[in-house]
Amino acid sequence: MSKLTVNGYTRKDKISKEIYGHFSEHLGRCIYGGIYVGEDSSIPNVNGMRCDVVEALKEIKIPVLRWPGGCFADEYHWKDGIGPKENRKKMINTHWGGVVEDNSFGTHEFMELCRQLECEPYINGNVGSGTVQEMSEWVEYMTFDGVSPMSELRKANGKEDAWKLKYFGIGNENWGCGGNMRPEYYGDLFRRFQTYVRNYGDNVIYRIACGANIDDYNWTEGVMKVASRFMNAITLHYYTHPLGWELKGSATKFDNDEYYMTLQKTLRIDELISKHLEVMDKYDPEHNVDLIIDEWGTWFTVEPGTNPGFLYQQNTMRDAIVAAINLNIFNKHCDRVKMANIAQVVNVLQSVILTEGDKMIKTPTYHVFNMYKNHQEATLLESKIETENIGTPFIHVCNLHESASISDDGTVNITVTNLSCTDDYPVEAELIGINKDNITATILTDKKDAYNTFENPDVVAPKEFKDFKVTDKGIDFTAPACSVILFTIKQ
Ligand code: AHR
């Protein structure tokens, strides 16, 4: 019997809702076809945005959406994506499949999408191949309400009032696709570019610096040393590739070894976050700079027969476990991790939604985001679970994983995951200072490689979980193999 303890008296920081954020790049069928189909499409849409996708994302309370990249961001020239569509320049999307980008989805369309989703926009500017002036004018175009060349241009394009924009990223992966820079060089460029990212009126920009890949602590150190006092946050990118960057591995066909390897790699993000924070602390002991994980998730070999540049992959119960682990870890680091964006929202990498023509399905990862949504803006509660090592003779992971929070209305949210793909585990939960009169629970569980298809969209779907017993101390239950459970306890 594993012991889970949740202490209702020990309240920690607020879990920023932006931890449940998403990422949309001009990549494959994420934007075009997945989100944006154009006003003339036969697929039901509002101003070109698919109604089914918007509705599904609103259901999980999408809090923030990052755009336009990724690697695409450092090749994107925003002025090509405004004005009458027939006049917009076409370009090659060099990173992603060499396809023609017609720029029919640009700033106005992205802001319209965020309006429909009721989420915060997070725009990533171009440092790699852009200029200071171009970035500065973009922010002026979007956020300045007075008289200026850029605000006049915006008005001529049909938007009278400025938009509100908080999150702005200054470059993406500038150690790689964003310019192959050295950290000190990027740090200096960050200082220069951000100077001209102005706060107009009461619009205050939260400046996000490009951070490291995986365990490149040297990058974090170099950028923090040079530029920490000019930024609000620095990023971290970490993808889970079960068989490494070259081989990656299939999204749907994997054995137990590959399953546990995936989870072991995912669990590593806890250590990566702690170590990057340690480096940040050297230059920012007062914790003025937040950490944002603006790209995370599984990255498998593309689905057979699809364009290798489009990064389209299926999503199984294994992805659901990966999502649950990451979100528990982000919750527990909520004092410093203020945003995270799973890559990517529709049809690319670990998506919450897949589309095919007019059809749309919700992936197992979607269901985890839906189950976890009450953690958004709730207060983290102290919790711990006794675990044992499971896996294979060479690959070890913990059997159970959890986090807990209390919402402003007093509801306690406890999320527990069983990582084993074969064994159920009994759990004895002690709930300290928590009223146990009104407990409900939801479970997502299936075989490790189960997934939803356009023909069978509800193979993996959450169900009510009744198999628990309320005791004097708390709750006793058995977590089935390969499961994610949410307990909702009204106070
Ligand atoms: O999400 C796909 C790509 O992964 C992004 O464009 C890039 O930032 C990262 O390498």
Side-chain angles (χ1 to χ4, degrees), residues 1-17 19-20 267 269-270 273-274 320-321 323-337 340 367-388 390 397-420 424-445 462 464-491:
M1 188 81 124
S2 295
K3 186 161 180 205
L4 163 68
T5 313
V6 180
N7 192 336
Y9 297 123
T10 316
R11 299 185 182 200
K12 303 196 161 202
D13 292 76
K14 225 172 200 164
I15 299 171
S16 148
K17 65 179 187 305
I19 283 181
Y20 292 81
L267 284 157
I269 200 163
D270 195 15
I273 292 171
S274 300
I321 303 285
I325 291 171
N326 275 282
L327 294 172
N328 283 337
I329 291 173
F330 301 155
N331 284 349
K332 292 209 172 191
H333 281 286
C334 67
D335 56 330
R336 304 295 304 284
V337 173
H367 295 306
V368 172
F369 272 79
N370 207 15
M371 289 165 69
Y372 274 58
K373 68 186 173 193
N374 289 343
H375 281 308
Q376 293 188 25
E377 296 293 294
T379 302
L380 184 73
L381 291 178
E382 184 178 74
S383 65
K384 60 175 188 298
I385 194 160
E386 285 168 6
T387 61
E388 56 187 83
I390 56 159
V397 299
C398 52
N399 59 337
L400 297 162
H401 203 266
E402 47 60 51
S403 68
S405 68
I406 181 159
S407 304
D408 284 350
D409 69 358
T411 306
V412 172
N413 319 294
I414 304 172
T415 42
V416 180
T417 294
N418 179 354
L419 282 66
S420 170
D424 303 346
Y425 288 101
V427 179
E428 179 185 46
E430 184 181 3
L431 307 177
I432 303 166
I434 297 169
N435 185 330
K436 298 174 278 290
D437 290 342
N438 192 348
I439 306 181
T440 54
T442 307
I443 189 166
L444 188 72
T445 186
E464 189 179 358
F465 182 63
K466 289 191 173 153
D467 215 0
F468 62 87
K469 203 170 85 206
V470 180
T471 64
D472 287 349
K473 282 188 169 174
I475 344 170
D476 285 357
F477 62 99
T478 294
C482 208
S483 66
V484 181
I485 306 173
L486 162 71
F487 290 99
T488 306
I489 312 178
K490 299 260 184 230
Q491 299 299 291

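Source: prediction; values computed, not measured.
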State, to 0.1 Å, how close [X] and [Y] come at their nearest heavy-atom pair, and which atoms those are.
{"X": "P480", "Y": "D424", "result": "CA-OD1, 3.4 Å"}
{"X": "T387", "Y": "L400", "result": "CG2-O, 3.3 Å"}
{"X": "T471", "Y": "I475", "result": "OG1-N, 3.9 Å"}
{"X": "N331", "Y": "S403", "result": "ND2-OG, 3.1 Å"}
{"X": "C398", "Y": "L419", "result": "O-CD2, 3.3 Å"}
{"X": "A320", "Y": "V484", "result": "O-CG2, 4.2 Å"}

Determine whether [X] and [Y] make a side-chain contact, defined as any pair of heavy atoms from C-beta on separated by less than 4.5 Å.
{"X": "R336", "Y": "I273", "answer": "no"}
{"X": "I489", "Y": "N435", "answer": "no"}
{"X": "N374", "Y": "L486", "answer": "no"}
{"X": "P462", "Y": "N370", "answer": "no"}
{"X": "T417", "Y": "I321", "answer": "yes"}
{"X": "V412", "Y": "Q491", "answer": "yes"}
{"X": "M371", "Y": "T488", "answer": "no"}

Nearest-0.5 Å distance that lies between atom [atom1] in [X] and atom [atom2] in [Y]:
{"X": "T440", "Y": "K490", "atom1": "OG1", "atom2": "NZ", "result": "7.0 Å"}
{"X": "E428", "Y": "L4", "atom1": "CD", "atom2": "CG", "result": "10.0 Å"}
{"X": "D472", "Y": "L431", "atom1": "CG", "atom2": "CG", "result": "12.0 Å"}
{"X": "I325", "Y": "F330", "atom1": "CD1", "atom2": "CZ", "result": "11.0 Å"}
{"X": "S483", "Y": "L444", "atom1": "OG", "atom2": "CG", "result": "8.5 Å"}
{"X": "I443", "Y": "F477", "atom1": "CD1", "atom2": "CZ", "result": "9.0 Å"}

Next on the checklist: Set out, in order, the CA-CA distance, both residues' side-chain angles and the distance that settles side chain to side chain contact (heavy atoms under 4.5 Å, CB included) for I385 and H401, then state yes or no.
Outcome noted: CA-CA 7 Å; I385 194 160; H401 203 266; over 6 Å; no

Residue pair [X] / [Y], side-chain donor-acceptor N/O under 3.5 Å:
{"X": "N418", "Y": "S420", "result": "no"}
{"X": "N328", "Y": "Y372", "result": "yes"}
{"X": "S407", "Y": "N413", "result": "yes"}

Checklist entry - Would you call E402 and K332 a salt bridge, taking side-chain N to carboxylate O under 4.0 Å as the test? => result yes

Using residues 375-382 as the side-chain source, report each donor-acceptor pair under 3.5 Å to any protein atom, sequence neighbours left out, with the distance given to one decimal.
residue	atom	partner	partner atom	Å
H375	ND1	S405	OG	2.8
H375	NE2	T415	OG1	3.0
Q376	NE2	K61	O	3.1
E377	OE2	K17	N	2.8

Item to check | Test side chain to side chain contact (heavy atoms under 4.5 Å, CB included) applied to C334 and I19, step by step | outcome: CA-CA 8 Å; C334 67; I19 283 181; 4.2 Å; yes

Checklist entry - salt bridge (Lys or Arg N to Asp or Glu O under 4.0 Å) with K3: which of E388, E386, E430? => result E430

Checklist entry - So does K12 have more than 12 non-hydrogen atoms from other groups sitting under 6.0 Å from NZ? => result no

